[in-house]
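Remarks on the structure that follows.
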Amino acid sequence: MADSSNTKLPFQAEVAQLLHLVTHALYSNKEIFLRELISNASDACDKLRFEALDHPELYEGQSDLDVRLSFDKAARTITITDKGIGLSRQEAIDNLGTIAKSGTKDFMSKLSGDQKADAQLIGQFGVGFYSGFIVADRITVESRRAGLPADQGVRWVSGGAGDFEVADITRAERGTSITLHLRSDEKDSADEYLNAWKLKQIVGKYSDHISLPILMEKEEWKEGENDQPGDMVKTGEWETVNKANALWSRPKKDITAEQYEEFYKSISHDYEAPLAWSHNRVEGSTEYTQLLYIPAKAPFDLWNRDKSAGVKLYVKRVFIMDDAEALLPSYLRFVKGVIDSADLPLNVSRELLQESRDVKAIREGSTKRVLGMLEDLAKKQKTGPESTEGRIDVGSGESVPAPEPTEAVTDVVDKNAPTAAEAAASAADESGKYAKFYAEFGAVLKEGLGEDFGNRDRIAKLLRYASTTTDTVSVSFADYKARMKEGQDAIYYITADTLAAAKNSPQLEVFKKKGIEVLLMTDRVDEWALNYLNEFDGTPLQSVAKGAVDLGKLQDEAEKKAAEEAAESFKPLLEKLKEALKDKAEDVRVTTRLVDSPACLVVQDGGMSTQLARMLKQAGQPAPELKPVLEVNAEHPLVKKLEGSAHFDDLANILFDQALLAEGGLPADPAAYVRRVNALLV
């Protein structure tokens, strides 16, 4: 190969520090480097396939694609070679000289129309490429872009410090070769990877699912001569060392739990194993395979609405889109996995994805599958291994008819189901998984009440809350309903900013006195979500902070009569309070909900709560000016003191502001509140 135009160029600013982060902090397991580089090689082949749809000449007469892995003990190198799209000189400078910069952006800018959506994140060189520096003190990349003449190849060399060198070379082969010159430091030696068995083990562990064949040279044992020890020698023949087909296309019975977990880690870049997964193939008018995972940990950007989220979309095992948002609703954005369709056309656009009948069927089927997994986890959490109620059978790779978009998804029955003993051991291990899931993703799941009307009842059954009987977020609506008191005709709840604020709310006093359980809701999304859930299994939901308290049959006739008499005798005082608080309160009335507190604030049935109004204002959103209703306890000494007091207006305002403070709000004029209290204290 002829070299020319040897140029030394600096890395992008701060690359040295970023490289240090990548090689010493980002990856806790050294052998990950091979997974990342093989994945990049596979992506490069995917990009070639995509471009060759319109330009078949890019194959240059060689349409068989593979990834070759070799090592040289004497030179202490490992080389990964692909026959993918390759790099031009400028692409090598742009893509390999910048941390986490992908060639995808420039690639997409050359496309037009529907192809832009198809090409989402195909074939990227990102941080994964730099993982090679975990084991190498120098990396050499030789490449030629498909379609360019042989004399326009490029060599890129760097020691991972402050700069890299680029030279023009002659390269007959299309694609890229990445050679790692392994570290030789005693403390940081990478000699263990100069071993065919070790490399095959890593490929089997991390890259078995790669649909391209990964080839290595065969080795055979050769006895030593003249008293020299024997050794393995290469035969010159190449053999495939991976399954060479997509993991999701294989029957479930042929895939181990470890392989499922490693595949999840490779697509999600998560270091922790998933909580659950479901693998199914569906056939019929809409044919697709789904392999969906529920992660154990929420990503740091779970609430970032600008972040793309979704599963990977393949069509006939050809990668199309990294974040296919149309295939799952937003409230399931935490789900990872792959959906491989046999029906969607390769030139489908994002707009078409949203409108396609096939996509709608896949979306509905995948949503039901995820909810089924969550129901299964919830059942194990509640009933333990002995119960089979609500179990979801995951796929064995056998096919079932595809449902119509409005029908339920048919489960694939696993004929290789575990024995009773195995199921008991597995269930014991999984008994706490739903609680773990809910702690990470429960607030996101609640969004489904407003976003997915068709599955609203299923979502409601999966929700969990704390209550006045337990601080643990573990009470479902079904649990609550099962232990409702005789004569109770509503599910009572309260929303608040914190658990402490909810537990100590004055509005709970009569419920505590009568031993009536109240659900305590403290997620910011609760107030919004419950606008879309008015009842559960025929029992209405009632906020204890909205409307006049009506305990129905739970309140005896003597209590009702005493309340009516108190309201009647208290009328003159109520009128004075209404006048004194006309700018703050919509109404003032006597209540039976208070036992120890003098007053509390409520809103009318159907009105926006004061908590939701506060949240909207804090988020910079428009919120109506609310005037709550002040409810007073006619038996409380402070309320009785109002009558005939010379400081009536001050006491009335203090009563209102204290009620506001008790529910987590702040007085409109805190300084005036302090002055009034101080005046009464001296």
Side-chain angles (χ1 to χ4, degrees), residues 374-375 378-384 387 389-390 434-435 438 442 445-446 448-449 455-496 499 501-523 525-527 529-560 562-563 591-597 600 602-606 609 611 631 663:
L374 295 179
E375 289 165 347
K379 286 290 182 183
K380 290 174 183 175
Q381 178 88 17
K382 179 179 178 182
T383 60
S387 173
E389 180 186 0
Y434 190 72
Y438 201 80
L445 185 65
K446 292 172 184 177
L449 293 178
N455 289 303
R456 187 180 59 184
D457 291 341
R458 292 183 73 177
I459 296 168
K461 291 177 182 178
L462 291 168
L463 302 183
R464 301 291 184 269
Y465 303 97
S467 82
T468 47
T469 63
T470 176
D471 290 351
T472 305
V473 181
S474 59
V475 182
S476 68
F477 287 123
D479 294 334
Y480 182 100
K481 189 172 178 181
R483 53 185 185 238
M484 281 170 53
K485 285 185 169 294
E486 186 177 351
Q488 183 178 343
D489 54 10
I491 296 172
Y492 295 106
Y493 70 89
I494 186 171
T495 59
L499 182 62
K503 285 174 62 178
N504 298 312
S505 172
Q507 293 149 339
L508 297 182
E509 290 176 356
V510 71
F511 296 92
K512 291 178 180 178
K513 178 182 177 181
K514 292 185 172 294
I516 301 171
E517 186 176 14
V518 178
L519 297 176
L520 310 178
M521 303 184 179
T522 57
D523 280 332
V525 71
D526 284 324
E527 189 80 36
L530 288 177
N531 286 325
Y532 301 94
L533 188 69
N534 299 317
E535 54 90 21
F536 176 80
D537 195 20
T539 303
L541 273 64
Q542 175 63 51
S543 170
V544 301
K546 290 186 177 181
V549 63
D550 181 9
L551 298 180
K553 298 175 184 177
L554 299 176
Q555 192 172 27
D556 59 41
E557 291 302 319
E559 287 176 323
K560 291 181 181 178
T591 184
T592 58
R593 83 172 80 222
L594 297 173
V595 177
D596 300 316
S597 300
C600 68
V602 298
V603 295
Q604 302 288 13
D605 273 328
S609 73
Q611 186 204 15
E631 292 192 343
E663 67 163 27

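Since the structure is predicted, the reported quantities are computational estimates derived from the model, not experimental observations.
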Nearest heavy-atom pair of [X] and [Y]: which atoms, and what distance?
{"X": "V602", "Y": "E631", "value": "CG2-OE2, 3.7 Å"}
{"X": "V473", "Y": "R464", "value": "CG1-O, 3.4 Å"}
{"X": "M484", "Y": "A490", "value": "CE-O, 3.8 Å"}

TODO: Could you check L445 against L374 for side-chain contact (heavy atoms from CB on, under 4.5 Å), going step by step and ending with a plain yes or no?
DONE: CA-CA 10 Å; L445 185 65; L374 295 179; 4.1 Å; yes
Listed by chain and number, what are the side-chain contact (heavy atoms from CB on, under 4.5 Å) partners of [X], not counting sequence neighbours?
{"X": "A501", "result": "A496, T498"}
{"X": "D537", "result": "K481"}
{"X": "T472", "result": "T470, S474"}
{"X": "T468", "result": "L508, E517, V518, L520"}

Task: salt bridge (Lys or Arg N to Asp or Glu O under 4.0 Å) partners for K512, two or more places apart - done: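 For K512, no residue satisfies salt bridge (Lys or Arg N to Asp or Glu O under 4.0 Å) once neighbours in sequence are set aside.
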Task: Contacts of type salt bridge (Lys or Arg N to Asp or Glu O under 4.0 Å), residue K461, not counting sequence neighbours - done: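 Not a single residue meets the salt bridge (Lys or Arg N to Asp or Glu O under 4.0 Å) criterion with K461.
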Open item on the list: What I'd like to find out is whether the side chain of L463 reaches to under 4.5 Å of the side chain of L449, using heavy atoms alone.
Closed with: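 In short, these two side chains touch, coming nearer than 4.5 Å.
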- [ ] Could you tell me which residues satisfy side chain to side chain donor-acceptor pair (under 3.5 Å) with D471, sequence neighbours excluded, listed by chain and number?
- [x]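 Here the qualifying residues are K503.
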Task: Results of side chain to side chain donor-acceptor pair (under 3.5 Å) for Y480 - residues two or more places apart only - done: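 Checked Y480 against side chain to side chain donor-acceptor pair (under 3.5 Å); matches are Q488.
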Task: All ring-ring contact (aromatic ring centres under 6.0 Å, His included) counterparts of F477, not counting sequence neighbours - done: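 Here the qualifying residues are Y465, F536.
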Task: CD1 on I516 to CZ on F511, rounded to 0.5 Å - done: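 If we round to the nearest 0.5 Å, F511:CZ and I516:CD1 are 6.0 Å apart.
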